[in-house]
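Computed from a predicted model, the values in this text were never measured in an experiment. Only heavy atoms go into these numbers, but all of them, side chains included; no hydrogens, no water, no symmetry mates.
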Amino acid sequence: MRTFEHFPNLVTMFFARAQENGSKPFLWAKRDGAWRPLSWTETAKQVASIATALKALGLEPGDRVALVSENRPEWCIADLAIMAAGCVTVPTYVTNTERDHAHILGDSGARAVIVSTAKLARTLVPAVLRSVHCKLVIGIEDIRIGQSGDVALHDWKKMIADHPGDVAAVAARATFKRDDLACLIYTSGTGGAPRGVRQHHGAILHNVAGCIDIISNDYGWDDEVFLSFLPLSHAYEHSGGQFLPISLGGQIYYSEGLEKLGSNIEEVRPTLMVVVPRLFEVLRARIVKGIEKQGGLAPKLLQRAISLGAKDLGRGIPFWDKPVDLFIKKTLRPKVQAKFGGRIKALVSGGAPLNPDIGVFFHALGLNLLQGYGQTEAGPVISCNRAKAGIKMDTVGPPMKDTEVRIADDGEILVRGELVMHGYWNNPAETARVLQDGWLHTGDVGHIDDRGRIVITDRKKDLIVNDKGDNVSPQKIEGMLTLQPEILQAMVVGDKRPHLVGLVVPDPEWLMEWCVAQDMKPDCSQLCSDPAVMRAVQAAVDRVNADLSVIEKVRRVVLTPDAFTVDNEMLTPSMKIRRHKIREVYGERLDALYKA
């Protein structure tokens with residue numbers, strides 16, 4: 001079993017891997033219809049060049065540099081170069097508004113910003129021009145600033161050309177310690193303004209070591225290939241989709257986006273992927289629909305596979321089911337696995353709760369789906385399901401290596417270890433609230449089962465407490481609702497109320513098919529008030545209610561044609577619903593369900 005060295009910082013780790021791998025491919029992007037690589041050596045040269053250029057521009061150790069870019073090789077190069085110059089990376093989401101950028105630039109005190117495209121610069125530059133500290137803008141592609149005032153614009157390619165990087169010299173200057181600040185990652189915030197999480201080098205390295213421990217013991221560590229899809233500005237992708245591949249000496253392919261993700265997976269054939277539950281829900285719906293269209297034996301085989309998958313995760317498949325399982329293994333599973341490239345070792349789900357039924361579904365089709373758990377304040381990975389502990393889909397596995405977890409008297413999950421942040425930037429009050437006696441108070445509620453696996457029941461602040469004092473987990477119910485083909489998204493409410501009600505976004509594909517069957521015009525905005533559509537959606541809700549306790553049942557729902565999105569601020573960039581924003585828009589309609 002290969003072991004992972006103890007590195008003093010992330011920059012040293014990168015340069016060590018670059019020296020080991022030399023001309024081997026490292027970063028891949030699609031250009032002119034073909035995947036084109038950047039070698040480890042060339043990447044190291046560019047990192048050294050940009051780091052040297054940043055210092056030449058007057059940036060000093062500890063200065064914050066914002067990074068606004070879609071996932072691409074330059075994102076990784078910029079991030080490493082900022083750190084190699086002794087500065088602190090401040091990643092921001094490409095979906096940020098001008099107001100979001102202004103808040104982050106102002107709060108972080110960033111002196112410079114690297115932006116990839118003219119399109120992204122349009123919302124960023126106005127915030128820069130109003131900024132007190134940010135006076136340098138570096139464009140990866142050609143961008144322009146109209147009346148720039150005292151803001152200087154620099155070109156990425158010219159910076160590289162004008163500052164030939166001395167890799168050895170830049171690597172030698174990387175004397176940072178594990179306790180030193182590496183990046184400020186602003187939480188996407190399900191409520192209130194984003195807070196800057198102070199992630200030190202050791203927090204991310206601790207995460208990487210824990211992930212490698214799982215990979216080495218359960219799957220073996222070889223020539224790993226990653227497909228980067230989730231935004232790198234999110235801590236989950238930043239640690240798991242960038243620094244984990246670097247630590248493994250692996251390759252990173254940058255996805256072309258959601259619409260091409262399926263074809264990218266088949267082309268790249270990744271060995272490991274980090275993803276969010278919503279992607280699995282979408283993929284599950286597509287797989288089910290494709291199999292149902294085949295007709296004949298295929299749908300029955302799928303149902304049998306799911307049944308066997310549930311048994312396998314329980315007490316194991318009984319001997320009398322072995323022949324059927326073997327038949328499914330030879331027929332159905334290879335077709336599904338081929339859609340994922342055919343060499344996936346594990347798909348790791350994080351960022352939001354995974355419905356256990358989704359986990360069983362993919363396991364039944366021969367894919368190792370591991371649910372992880374964490375938050376930005378912890379590097380972000382705290383725990384992950386693993387084979388040697390026994391995978392149980394309603395748990396998030398045992399804590400990672402060298403990570404302490406305990407349950408407080410009120411059920412809150414507490415975490416301690418090198419992975420825990422050093423606090424929030426410029427926010428001592430919030431820091432004192434969540435960091436107490438060395439323990440991170442996660443805000444999540446749960447318990448630890450008899451095999452050491454963490455079971456999360458809900459967010460402490462998201463728990464619904466009805467008028468009788470019963471606690472209800474909305475995330476569990478919402479997850480079950482969105483598994484129904486009729487329902488795309490859902491939010492349930494019921495705090496201090498006698499029962500639950502909900503807001504439902506009907507699935508557009510289901511609605512289209514329903515209209516065809518009913519010979520009706522597919523107008524989603526009109527159909528959401530149609531009594532027949534209401535009855536069909538309520539029937540889906542009732543199917544879910546059949547598996548819920550009395551206090552969990554959703555009595556009535558209201559429909560909306562408008563999906564929750566990042567643009568309308570009802571979703572965070574990591575695809576969590578922002579309850580307070582949804583309540584602002586739909587609160588009166590939800591309250592009216594209790595009066596009718």
Side-chain angles (χ1 to χ4, degrees), residues 1-5 7 10 13-30 35-44 71-73 75-77 79-80 204-230 232 235-255 261 264-276 279 337-350 362 366-372 379-381 384-388 397 400-401:
M1 183 179 73
R2 295 171 69 183
T3 57
F4 179 57
E5 309 95 306
F7 289 105
L10 296 165
M13 178 180 72
F14 164 71
F15 281 122
R17 290 290 181 260
Q19 186 173 20
E20 291 167 10
N21 291 292
S23 61
K24 290 181 180 178
F26 172 37
L27 305 176
W28 293 79
K30 210 170 206 184
W35 290 103
R36 303 183 189 279
L38 204 60
S39 71
W40 284 89
T41 296
E42 182 56 34
T43 303
N71 291 18
R72 57 192 290 171
W75 204 108
C76 180
I77 292 165
D79 188 28
L80 289 164
I204 298 173
L205 287 166
H206 178 283
N207 256 215
V208 164
C211 293
I212 289 178
D213 177 60
I214 296 172
I215 295 167
S216 298
N217 283 287
D218 293 2
Y219 305 103
W221 167 11
D222 201 358
D223 297 325
E224 306 303 340
V225 176
F226 288 71
L227 179 61
S228 180
F229 163 67
L230 300 178
L232 278 160
Y236 182 37
E237 183 72 15
H238 189 235
S239 292
Q242 176 170 289
F243 284 109
L244 177 58
I246 290 173
S247 69
L248 292 166
Q251 301 175 55
I252 304 173
Y253 285 75
Y254 294 97
S255 167
L261 182 61
N264 286 170
I265 291 173
E266 290 189 60
E267 295 165 355
V268 170
R269 302 178 62 236
T271 60
L272 294 164
M273 273 188 76
V274 291
V275 287
V276 290
L279 175 62
Q337 290 165 353
K339 293 289 184 184
F340 288 83
R343 60 178 181 179
I344 282 280
K345 293 180 179 179
L347 296 154
V348 185
S349 174
F362 282 97
L367 294 164
N368 292 313
L369 176 51
L370 309 177
Q371 182 173 196
V381 187
C384 185
N385 264 304
R386 52 192 309 177
K388 72 177 186 181
M400 287 207 305
K401 179 183 176 184

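Of the possible polar contacts, none joining the Asp218 side chain to the Arg386 backbone as a donor-acceptor pair under 3.5 Å is found. With Glu266 contributing its side chain and Asn264 its backbone, the two residues share no donor-acceptor pair below 3.5 Å. Remark: the backbone N or O of Gly249 is not paired with any side-chain donor or acceptor of Glu20 at under 3.5 angstrom. Checked by atom type and distance alone, the side chain of Tyr219 never pairs as donor or acceptor with a backbone atom of Ala346 at under 3.5 Å. Judged purely by atom type and a 3.5 angstrom limit, Asp213 has no side-chain atom pairing as donor or acceptor with the backbone of Ala209. Distance alone, capped at 3.5 Å, places no donor-acceptor pair between the Arg343 side chain and the Thr271 backbone.
Between Met273 atom CE and Leu261 atom CG the span is 5.0 Å, to the nearest 0.5 Å. From Lys345, atom NZ reaches atom CG of Leu272 across 6.5 Å, with rounding to the nearest 0.5 Å. Here Trp75 contributes atom CH2 and Gln242 contributes atom CD; the two are 5.5 Å apart, rounded to the nearest 0.5 Å. A distance of 5.5 Å separates CD1 of Ile246 from CD1 of Ile252, quoted to the nearest 0.5 Å. Expressed to the nearest 0.5 Å, how far CZ of Phe340 lies from CD1 of Ile265 amounts to 6.0 Å. Atom SG of Cys384 sits about 9.0 Å away from atom CD of Gln371, to the nearest 0.5 Å.
A heavy-atom distance below 4.5 Å is not found between the side chains of Val268 and Trp28. Two residues are said to be in side-chain contact when any heavy atoms from C-beta on lie closer than 4.5 Å; Ile215 and Leu244 meet this criterion. Here the side chains of Ser349 and Leu369 are in contact, with some heavy-atom distance below 4.5 Å. A heavy-atom distance below 4.5 Å is not found between the side chains of Asn368 and Ile344. Met13 places a side-chain heavy atom less than 4.5 Å from the side chain of Phe4. Phe7 is not listed as a side-chain neighbour of Val208, based on a closest heavy-atom distance of 4.5 Å or more.
Ile212 and Ser247 get closest at one heavy-atom pair: CD1-OG, 3.3 Å. Val381 and Met400 make their closest contact through O-CE, 3.3 Å (heavy atoms, listed as atom of the first residue, atom of the second, distance). Heavy atoms only, all atoms of each residue included: Ser39 and Ser23 are closest at CB-O, 3.6 Å. What you find for Glu224 and Asp222 is that their closest heavy atoms are OE2-N, 2.9 Å. The shortest heavy-atom contact between Gly240 and Pro245 is O-CD, 3.5 Å.
At a cut-off of 3.5 Å, with distance as the only test, a side-chain donor of Asn71 or Ser228 sits close to an acceptor on the other residue.
The aromatic rings of Trp40 and Phe26 lie parallel to each other, with less than 30° between the two planes, well short of the 60° mark. Ring planes of His238 and Phe243: perpendicular class, angle over 60° (limits at 30 and 60°).
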Requested in this report: Would you check, one step at a time, whether the test side-chain contact (heavy atoms from CB on, under 4.5 Å) holds for Leu232 with Asp79?
Outcome: CA-CA 10 Å; Leu232 278 160; Asp79 188 28; over 6 Å; no
Query raised in the report: What do the steps show when you test Cys76 against Leu27 for side-chain contact (heavy atoms from CB on, under 4.5 Å), and what is the final call?
Result: CA-CA 9 Å; Cys76 180; Leu27 305 176; 4.2 Å; yes
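For Lys30, the NZ atom sits in a packed shell: over 12 heavy atoms of surrounding residues, nucleotides or ligands are nearer than 6.0 Å.
For Phe362, the ring-ring contact (aromatic ring centres under 6.0 Å, His included) partners at least two apart in sequence or on another chain are Phe280.
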